[in-house]
Amino acid sequence: MVTQPVQQTSPTFVGMPKFPVAAREALANTQQRANLHNATHTIRAKRAAVVGEVEDWEALRVAGAAAKDEALHHLGDYLEQLEESLTARGATVHWARDAAEANRIVVDIARAKEVDEVVKVKSMATQEIELNEALEAAGIHAWETDLAELIVQLFGDRPSHILVPAIHRNRTEIRDVFLREMGEFGRPAPADLTDDPARLAEAARLHLREKFLRAKVAVSGANFAIADTGTLVVVESEGNGRMCLTLPETLISVVGIEKVLPTWDDLSPMLQLLPRSSTGERMNPYTTMWSGVHDGDGPQEVHVILLDNGRSRVLADSVGRQALRCIRCSACLNVCPVYERTGGHAYGSVYPGPIGAVLNPQLRGTASEVDQSLPYASSLCGACFDACPVRINIPELLVELRGTVAEQGGHRAESAAMKAAAWVLSDPRRLAVAQKGATTAGRLIGKRTIRKVPGLGAWTDARDMPTPPKETFRQWWARERGDATTTHGAADPGGRAGGIPTTNDGTDAGGER
Amino acid sequence: MSAREEILARVRSATSDVTTEKRQTGEAPLIVSWGSASSSLGSATPTHNQSQVVELFAENVADYRATVVRVPAEQVAATVVEQLRAAGLRSVVVPTGLDAGWSDALGAEFDVLTEVDATSAQTLDGIDAVVTGAAIGIATTGTIVLDHTANQGRRELTLVPDTHVCVIGEDQVVHDVPEAVSLLRTPAGAQRALTWISGPSATSDIELQRVEGVHGPRTLIVVIAE
């Protein structure tokens with residue numbers, strides 16, 4: 001019997017509070033909320049414009065989903081084929097069951113190369129396994145070279161968005177941290193640095209160039225790994241990816257096993273879907289494709305680490321496995337009304353937003369408070385599904401996961417309330433008593449709004465309680481028709497249409513509807 | 001059990017419920033090509049007028065704030081020289097297989113470093129510009145694809161210098177991404193490293209304000225030869 005173990009929550013996120021608690025803190029940060037609003041709405045508009053240019057976007061989405069499904073449904077075969085193709089082209093393939101194993105492999109290669117630093121291309125997989133921390137612990141500096149990742153690293157901060165991880169920082173904060181920290185790690189920022197983004201980018205260019213030129217080892221992820229050709233693909237904007245993938249002698253790529261594409265031709269939908277969904281561009285500035293070692297061009301020692309770390313567990317769920325189609329474009333973040341307000345940190349993982357609310361509990365299981373709460377970090381509005389270029393039905397998966405959490409008794413107050421409601425609703429006499437109580441309360445409360453109910457803390461924190469009506473339909477029926485013994489199902493539709501009572505001025509009609 | 005065996009066993013067990021057949025070798029995946037609903041690859045005959053395709057390509061490249069110059073083929077060398085001169089650049093690296101006529105024209109006015117002599121990234125860091133050919137252009141996305149054959153050189157040549165002048169023939173421009181992917185497919189074992197370039201290096205990481213030029217060439221000049 002083969003089991004697929006859960007991913008161990010990385011040390012950074014152990015003990016993260018549940019989503020509503022973390023979200024409350026994030027909501028109080030007005031700077032972050034303003035930045036997020038601006039960012040999500042700007043990218044959203046750009047995405048909509050370039051998606052609109054494509055003649056049949058929906059057909060492209062179907063093709064993208066089909067390509068990923070083909071790979072996932074026959075993943076064992078395609079992984080073996082990928083390994084064979086890579087090996088034939090001079091790459092060394094490693095397999096890592098979990099984060100610790102992947103980190104150990106990278107550290108061992110770096111040690112064998114006798115380096116004390118590596119340059120890194122932005123990669124979600126290496127963030128997930130906390131590779132930088134593992135390298136630092138081994139005395140090896142890991143330099144993030146994506147501008148936003150550099151900003152986050154200099155702050156000693158965490159990323160808050162998949163695509164633009166430093167979106168929670170503004171230009172003045174960035175200038176200050178450049179002036180304060182760059183000199184600690186290499187070439188200092190120019191003393192006359194302003195907060196003009198062009199000057200800040202220039203400072204990053206100069207600071208990182210000396211690192212690119214001297215680095216012997218680079219670490220990357222991959223957006224796609226093509227089984228039949230052994231080609232890895234990295235899409236990026238700044239050119240830091242090209243630097244890392246081209247200049248060092250040794251290249252180590254950490255690739256999640258779900259990144260496999262069956263054939264070269266499957267790139268066709270992917271390279272149309274990803275840039276338009278991600279940055280809202282027709283194409284991202286740079287895409288690098290390499291197939292093992294290319295004689296005399298680029299790294300002559302190429303390692304690829306195929307990482308499981310909970311992915312096979314997600315794959316084992318016939319409904320949930322569609323989440324592994326995710327190409328990390330972040331379109332779902334940018335359209336999400338929840339993410340737009342809370343930002344990424346509240347999700348307690350490197351994967352924020354709607355896809356994070358699905359992937360984290362899938363990968364890590366639902367034992368922790370944060371993973372139990374994430375499926376509820378959504379209004380189920382469905383905007384994420386519409387935006388997803390590979391048609392992951394995120395709302396469906398969230399509901400499934402809520403079921404999982406409920407079944408394990410996660411939300412005890414809620415299940416107690418549901419049991420009580422079932423008891424009341426299953427007997428007309430009990431219902432009549434309950435309704436009498438409610439309408440009495442309704443008359444007492446009048447037009448006031450109920451903002452807090454003791455014992456329903458979490459529910460009423462975010463919602464006003466509907467004020468109970470002064471009279472229920474059953475009571476009205478009994479009064480109007482003078483028949484004290486209400487009969488079920490006998491309501492005359494004509495009478496009902498003519499005389500439905502208004503509840504307290506029609507505001508917040510509670511009770512029977 | 002080794003990690004490899006264990007992961008493969010986990011994955012096979014996880015997909016044991018799957019009943020769909022694996023795609024046959026050589027079976028084309030679902031490809032969506034613009035203007036030709038869902039043709040499979042191989043039969044994706046371009047249905048677009050080539051002059052419109054080139055026009056769209058020029059428009060989309062310029063939209064990325066790259067410089068686009070369209071000239072008759074015999075004026076390419078003079079145009080490249082003129083562009084570098086106008087930018088006030090002095091040194092240029094050229095790939096081994098660059099058109100000899102262009103190399104000669106460059107040699108008459110600039111310090112020319114050949115690919116063979118560009119032995120390190122440090123050396124390239126001191127060079128102002130690079131002049132190359134290209135493999136193909138993609139109109140709908142304004143993309144240039146380099147396959148790093150002899151007239152484009154090793155990847156670092158087009159990466160380290162701050163200005164990249166790229167010459168592409170009108171007949172090298174295709175309409176869309178599926179056509180490009182199809183053309184770039186090579187026999188097993190013969191894959192080349194590819195670089196897809198769509199405008200100059202750029203970032204929007206600081207308050208989403210777009211800045212052209214971070215690590216890659218900050219100036220991209222595309223010369224389209226008739």
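Chain identifiers are assigned alphabetically (A, B, ...) following the order of the sequence lines, protein sequences preceding nucleic acid strands; residue numbering begins at 1 within each chain. FYI, side chains are in, hydrogens and waters are out, and symmetry mates aren't considered; it's all heavy atoms of this structure.
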Under 4.5 Å from any heavy atom of chain B, what part of [X] do you find: side chain, backbone, both or neither?
{"X": "A:L79", "answer": "side chain"}
{"X": "A:N35", "answer": "neither"}
{"X": "A:T279", "answer": "neither"}
{"X": "A:I151", "answer": "side chain"}
{"X": "A:T231", "answer": "side chain"}
{"X": "A:R97", "answer": "both"}
{"X": "A:E101", "answer": "side chain"}
{"X": "A:L315", "answer": "both"}
{"X": "A:E70", "answer": "side chain"}
{"X": "A:I167", "answer": "side chain"}
{"X": "A:R171", "answer": "both"}
{"X": "A:L72", "answer": "backbone"}
{"X": "A:S237", "answer": "both"}
{"X": "A:H73", "answer": "both"}

Heavy-atom neighbours of [X] [atom1] exceed 12 at 6.0 Å:
{"X": "A:Q31", "atom1": "CD", "answer": "yes"}
{"X": "A:E58", "atom1": "CD", "answer": "yes"}
{"X": "B:D117", "atom1": "CG", "answer": "yes"}

Q: Take A:R205 and B:R218, measure what side chain to side chain contact (heavy atoms under 4.5 Å, CB included) needs, and give me the verdict at the end.
A: CA-CA 11 Å; A:R205 176 185 170 96; B:R218 288 185 284 191; 3.4 Å; yes
Closest non-hydrogen atom pair, [X] against [Y]:
{"X": "B:T140", "Y": "A:R276", "value": "O-NH2, 3.9 Å"}
{"X": "A:A201", "Y": "B:V211", "value": "CB-CG1, 3.9 Å"}
{"X": "B:A14", "Y": "A:Q4", "value": "N-NE2, 3.4 Å"}
{"X": "B:D205", "Y": "A:A148", "value": "OD2-N, 2.9 Å"}
{"X": "A:E80", "Y": "B:R4", "value": "OE2-NH2, 3.6 Å"}

Taking 4.5 Å as the heavy-atom cut-off, does anything in [range] contact chain A, and if so which residues?
{"range": "residues 124-139 of chain B", "answer": "B:D125"}
{"range": "residues 55-67 of chain B", "answer": "B:N60, B:D63, B:Y64"}
{"range": "residues 152-174 of chain B", "answer": "B:R154, B:R155, B:E156, B:T158, B:L159, B:V160, B:D162"}

Looking at [options], which has the largest count of heavy-atom pairs under 4.5 Å with chain B?
{"options": "A:G239, A:A204, A:A166", "result": "A:G239"}
{"options": "A:A198, A:P197, A:G296", "result": "A:P197"}
{"options": "A:D266, A:L271, A:D317", "result": "A:D266"}

Which atoms of [X] come close to chain A, meaning under 4.5 Å heavy atom to heavy atom: side chain ones, backbone ones, both, or neither?
{"X": "B:L146", "value": "neither"}
{"X": "B:V214", "value": "both"}
{"X": "B:T186", "value": "neither"}
{"X": "B:P217", "value": "both"}
{"X": "B:E5", "value": "neither"}
{"X": "B:V11", "value": "both"}
{"X": "B:R192", "value": "backbone"}
{"X": "B:S120", "value": "neither"}
{"X": "B:T20", "value": "both"}

Q | side chain to side chain contact (heavy atoms under 4.5 Å, CB included) between A:R321 and B:D17, intermediate numbers included | A | CA-CA 12 Å; A:R321 66 168 64 114; B:D17 65 309; 2.7 Å; yes
(Q) Can you confirm whether A:R311 sits close enough to B:R10 that some side-chain heavy atom of one is under 4.5 Å from a side-chain heavy atom of the other? (A) no
(Q) Within the 4.5 Å heavy-atom criterion, are B:I197 and A:R242 side-chain neighbours or not? (A)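 Contact flag for B:I197/A:R242 side chains = yes.
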[X] (side chain) donor-acceptor with [Y] (main chain) under 3.5 angstrom:
{"X": "A:Y286", "Y": "B:S201", "value": "yes"}
{"X": "A:W264", "Y": "B:V181", "value": "yes"}
{"X": "B:E207", "Y": "A:N170", "value": "no"}

Just verifying a value: how many Å separate [X] [atom1] and [Y] [atom2], rounded to the nearest 0.5 Å?
{"X": "B:S198", "Y": "A:R282", "atom1": "OG", "atom2": "CZ", "result": "10.5 Å"}
{"X": "B:H215", "Y": "A:E236", "atom1": "NE2", "atom2": "CD", "result": "9.0 Å"}
{"X": "A:D308", "Y": "B:E6", "atom1": "CG", "atom2": "CD", "result": "8.5 Å"}
{"X": "A:S312", "Y": "B:R12", "atom1": "OG", "atom2": "CZ", "result": "13.0 Å"}
{"X": "B:W196", "Y": "A:T288", "atom1": "CH2", "atom2": "OG1", "result": "12.0 Å"}

Q: Evaluate the criterion salt bridge (Lys or Arg N to Asp or Glu O under 4.0 Å) for residue pair B:R185 and A:D228; output intermediate values, then yes/no.
A: CA-CA 11 Å; B:R185 183 171 0 103; A:D228 73 338; over 6 Å; no
With chain A as the partner, which of [options] has the greatest number of non-hydrogen pairs under 4.5 Å?
{"options": "B:A190, B:S204, B:A202, B:S13", "value": "B:A202"}
{"options": "B:L184, B:V145, B:L8", "value": "B:L8"}
{"options": "B:I7, B:T203, B:T143", "value": "B:I7"}

Q: Could you please spell out the steps behind the side-chain hydrogen bond (donor to acceptor under 3.5 Å, both in side chains) verdict for A:T229 and B:Q191?
A: CA-CA 7 Å; A:T229 59; B:Q191 277 80 38; 4.9 Å; no
Q: With sequence neighbours excluded, give me every ring pair (Phe, Tyr, Trp, His ring centres under 6.0 Å) pair touching residues 126-153 of chain B.
A: none
Q) Cut-off 3.5 Å, side chains only: do A:R214 and B:Q122 have a donor facing an acceptor? A)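 No, because no side-chain N or O of A:R214 sits under 3.5 Å from a partner of the opposite role on B:Q122.
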